[in-house]
Amino acid sequence: MRHALAVLALVIVWALVLGDAAGIPWAAPWSPLRSVTLRGADFRPVIGAAIDDGEALGVGATARDGNALQTVTLERTDAGETPILSYRFEDFPRTLELSLVFRRADAPNDVQAILLPWPGDGVRTVDLSTLPAWRGGIVELGFAEYATAQLVSPSIAFKPFRLARARLASRSWSALPGLLRTAWLGYQPWNLTSINALGPSINALQTPSLLPPLVAVAVLSVLVLVWLWRWPRARALWTGVVAVAIAWVALDLRWLDDLGAKHRLTDSIYAGKPWPERARLQPDEDIAGFAQLVRQQLGGIPTHQRILVAADSTYTLLRLIYFLLPLNAAPLESASGAVPPAQWPDGTVIVLCANSRWRFDEASSTLRAETRAIKVAPLFSGGNLNIYSTRRAAR
Amino acid sequence: MSAAYIGAWLLVAVAGTAMAGAFAAPRQPGRWPMSIGYGLVLGMLATAACTSLLARDDTNHAWLRGAFLLAAAGVAGAAIVAWRQWRAPAAGGNAGRSDRWRELLAAVGLASLVWRGSLIGSEVLLRPTYPWDAWDAWAVKSKTWFLLGHFAPFVAVDDWLRQAPAELYSGPAWAYPSTLAWMQVWFASAAGGWIEQLVNLPWVVLWVALLLGHYGQWRALGLSRVSAALFVYVLGSLPLLDTHAALAGYADLWIAALFGFALLAWLRWQERRERDQLLLALVCAAVLPLIKLEGMVWLLCLLAAIGFGMVPPRWRWRAVGAAAAALVVIVLIGQSQLLFAAIGWVRSGSHVVEIPVIGKLAFTWHGNAALGLLRSLFVQSNWHLLWWIVVPVVVWRWRALRASDALSLCALLLLGCLVLLVVLFVFTDAAEWAESYTAVNRLVLHIVPGVVTLLALLMREPARLPAPTRTAPASGPQPDPA
């Protein structure tokens, strides 16, 4: 009897904690009261190319910029009533990321997009109710795919895959395993903030964290057993130690699985390639290309020659400076703040890359940004890259 | 991977192990893992010294130019090891016996570390330099010097612009210490080119060395082989620690390793009065500010703890009281200045302290930063259950903590470091780093090996507690070098 009571108590404890972690209300039914099921074949390619493949949609190509998008028009689905999204893809490459894209009836011209957990081969389930934009009537829903940001070069990212199906549903207990599996066991690729903190993600979808529920389950389970079975203090203590050890190993297995998945992406890109090829396969191949172009345009520029670089994105700016090494480059903004341009060395080179702040005034041969002005002579102009040289005589 | 690159690594490993071995008492449990772990770190840092001293004008051949000096240091270390080994009497070991199931657990834990190490190593050998500061800050000098073929100073941007004809460089991280940059130049020269994967391999070796060094010192401090192996698993399984090895290029793992090594060596001095270990602790601590500017703060904390430990116990709290009173006077007076020999003038004003290493700190409560800090420690996947178990273990083993002067001092030091971090992130403008999670975990990482050491020593079996004054028997079981 006491054993049965203990099992029952543990089931209740686990259900309470896990249900709370997944945001399932106690009063929720076992199965969803409302749902909208979408076959892959219901979606239409908006960017890239795709064909019907039975019930699914076979996505065979991206647009030139490496992106693909498939959408479906909906009969004004109420976002608040159907916040649980499940989706299933087949052969989805590890090199791509997936975003959910949708439009609301109250703002049909605004496209909302949110990064989704990598779909892999199984069904993934997320709760969209934490998104401020997920409200009102949804009139269009879709999925966008693109090279994994900061990790994969767009030129090698795409491989064909199939969009099998998607479903929007109201909250129910049957969604619990899917929600927790996606949040806790899903693969998260490396990103530039991984060195600072490891999930759950702070910027995208607010997925439930694993740690506090695991601790709560472990502590409450031990307390329940100690209470029901009247364990002495020493036994309770060692049970606690064993519970911590099991929880630690579980967390570590989950981390090892994620580390292995992260590494499989790295392996799929770089393995078996010689060093120069690995160096060339930069995720930001466009910036590496800009650096190559700057080198070509500047020819055999001596290394004491100062180069000042500006770009709208700090990442682009600093990455370009790194790619240019050992050319002698520094950020234009910090230079113009530290020393008036009139005191710069004659012939200082200015490189503007994907920049909208500094404008070249052809009539006066001047670069301007707000109140600042620098007399320059253009050396090269092409696309997102412009190169100038300061001219002392012109000041 | 060329023969030269492999040769450079062999030199680092052998010379470093010999140098570290000179600090290890012969016939002590764990002396080999400790010597190899500490040795790999010291060896890699020695390459920086050799390169900066001997290869400034020819960085492309840095390893050849510095090899002789490193080899000489290794030979000197080996001579000291041999001399001490010859003089040392046989000592009893503490290999002890373990339960079969604990041995099995330890073996599984170590197997998981080997598997994870292979993943980390492969990750580093495949991917070019990835994390932001690795290429924006830490590899800029090394890449510049190696590709130039010689050293060129890095200066502030105004000096850079005003001294145009000179071959000066600038950048956001121009003032960062150059130790890791010099080390990278050594390995680039051995690799025969700027091959980022090979330049970053020291981070993987550092991860291995960190674990080996801790294992060896835990053994020397009285943990059984199985307990030490289990805590090595605990340390090596921490996700953010693994991440700093897999995404190589940041300085924080070096600070964590050196702080942890300094703490362990100091604990051996505290428990066993091994003077070599005190010297080793000071060496490891002294290198901290040469790796990263924040290392100066940890150096000062360690020096304060070492000094505090040297004061007779009955005078300690009076010394703390006097120091606290002085601090209160300084704050009350306001606008006062204190000269610290190592870091320059520290100025305090109303709600503001200006420290040269850190900058100006204005004191205000930042609630979101406190939440960010708590999330970093207790919610995110950075540390497994480490921060959840620290307080329960300390409470559980409170008597062991109170009974050991060394452990009390260790706990006090770590508590002080943690308080510093909390003050920094919750009460100053650095709060934004905690809210955005950009630096909070990396600074916490610095003390994490120390925290694991505290937990490991608190969980020592009572029979294994050290007896520093006990004379070793002339005969008995031979020690277990592992």
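Just so it is clear: chains get the letters A, B, ... in the order the sequence lines come, proteins before strands, and each one is counted from 1.
Using a 4.5 Å cut-off between heavy atoms, A:Ala329 contacts chain B through its backbone alone, with no side-chain atom that close. There is no contact between A:Ile269 and chain B, counting heavy-atom distances below 4.5 Å. Looking at B:Val393, there are no atoms closer than 4.5 Å to chain A (heavy atoms on both sides), in backbone or side chain. Contacts of B:Pro392 with chain A are absent, with no heavy-atom separation under 4.5 Å from either backbone or side chain. When heavy atoms are compared at a cutoff of 4.5 Å, B:Ile195 approaches chain A solely by way of its side chain, counted from C-beta outward. If you measure heavy-atom distances from A:Asp258 to chain B, you find no contacts under 4.5 Å at all. Both the backbone and the side chain of A:Val249 have a heavy atom closer than 4.5 Å to some heavy atom of chain B. Both the backbone and the side chain of B:Thr438 come within contact range of chain A, each with at least one heavy atom under 4.5 Å from a heavy atom of that chain. Heavy atoms of B:Trp115 lying under 4.5 Å from chain A belong exclusively to its side chain. Contact of B:Ala139 with chain A is made through backbone and side chain together, with heavy-atom distances under 4.5 Å. For a residue to count as touching a neighbouring chain, one of its non-hydrogen atoms must lie under 4.5 Å from one of that chain's; by this rule A:Gln305 does not touch chain B. When heavy atoms are compared at a cutoff of 4.5 Å, A:Leu237 approaches chain B solely by way of its side chain, counted from C-beta outward. Both the backbone and the side chain of B:Tyr169 have a heavy atom closer than 4.5 Å to some heavy atom of chain A. For B:Trp396, the part lying near chain A is the side chain, with the backbone staying farther off; criterion is any non-hydrogen pair under 4.5 Å.
The minimum heavy-atom distance between A:Pro212 and B:Trp388, with the atom names listed, is CA-CZ2, 4.3 Å. B:Thr243 and A:Ser194 get closest at one heavy-atom pair: CG2-O, 3.5 Å. Here the shortest heavy-atom pairing between A:Asp252 and B:Tyr233 reads OD2-OH, 2.7 Å. The two atoms that bring B:Tyr130 and A:Leu192 nearest to each other are OH-N, 3.4 Å, heavy atoms only. Counting all heavy atoms, side chain and backbone alike, A:Arg319 lies closest to B:Thr129 at NH2-O, 4.1 Å. Residues B:Tyr437 and A:Asn196 approach most closely at O-CB, 3.0 Å, considering heavy atoms.
Of the inter-residue distances, the one linking B:Thr144 atom OG1 with A:Leu324 atom CG reads 11.0 Å to the nearest 0.5 angstrom. Of the inter-residue distances, the one linking B:Leu119 atom CG with A:Leu256 atom CG reads 7.0 Å to the nearest 0.5 angstrom. In this structure, the separation between OG1 on A:Thr314 and CH2 on B:Trp132 is 5.5 Å, given to the nearest 0.5 Å. Separating the CG atom in B:Asp136 from the CG atom in A:Leu318 is a distance of 4.5 Å, to the nearest 0.5 Å. Atom CD of B:Glu123 and atom OG1 of A:Thr266 lie 3.0 Å apart (nearest 0.5 Å). Rounded to the nearest 0.5 Å, atoms CZ (B:Arg375) and CG (A:Leu211) are 11.0 Å apart.
In this structure, B:Asn382 contributes its side chain and A:Leu198 its backbone to a donor-acceptor pair below 3.5 Å. Side chain of B:His244 to backbone of A:Ile195: a donor-acceptor contact under 3.5 angstrom is found. Distance alone, capped at 3.5 Å, is enough to place a donor-acceptor pair between the A:Arg306 side chain and the B:Trp160 backbone.
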Trace of the side-chain contact (heavy atoms from CB on, under 4.5 Å) decision for B:Arg127 with A:Leu151: CA-CA 10 Å; B:Arg127 180 193 300 288; A:Leu151 270 185; 3.3 Å; yes
Residue pair B:Leu168, A:His304: steps toward the side-chain contact (heavy atoms from CB on, under 4.5 Å) verdict: CA-CA 7 Å; B:Leu168 301 175; A:His304 63 77; over 6 Å; no
Stepwise side-chain contact (heavy atoms from CB on, under 4.5 Å) check, A:His263 with B:Ser122: CA-CA 8 Å; A:His263 180 62; B:Ser122 176; 2.8 Å; yes
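For the options A:Pro331, A:Ala338, A:Ala197, heavy-atom pairs under 4.5 Å to chain B are most numerous at A:Ala197. Between chain A and the residues B:Trp145, B:Trp433, B:Phe378, the most heavy-atom pairs under 4.5 angstrom are made by B:Phe378.
Atom CH2 of A:Trp248 has more than 12 heavy atoms from other residues, nucleotides or ligands within 6.0 Å.
Aromatic ring centres of B:Trp138 and A:Tyr322: separated by at least 6.0 Å.
For A:Thr303 and B:Glu167, the side-chain atoms include at least one donor-acceptor pair closer than 3.5 Å. Checking A:Trp255 against B:Ser237 by side-chain atom types alone, no donor-acceptor pair falls below 3.5 Å.
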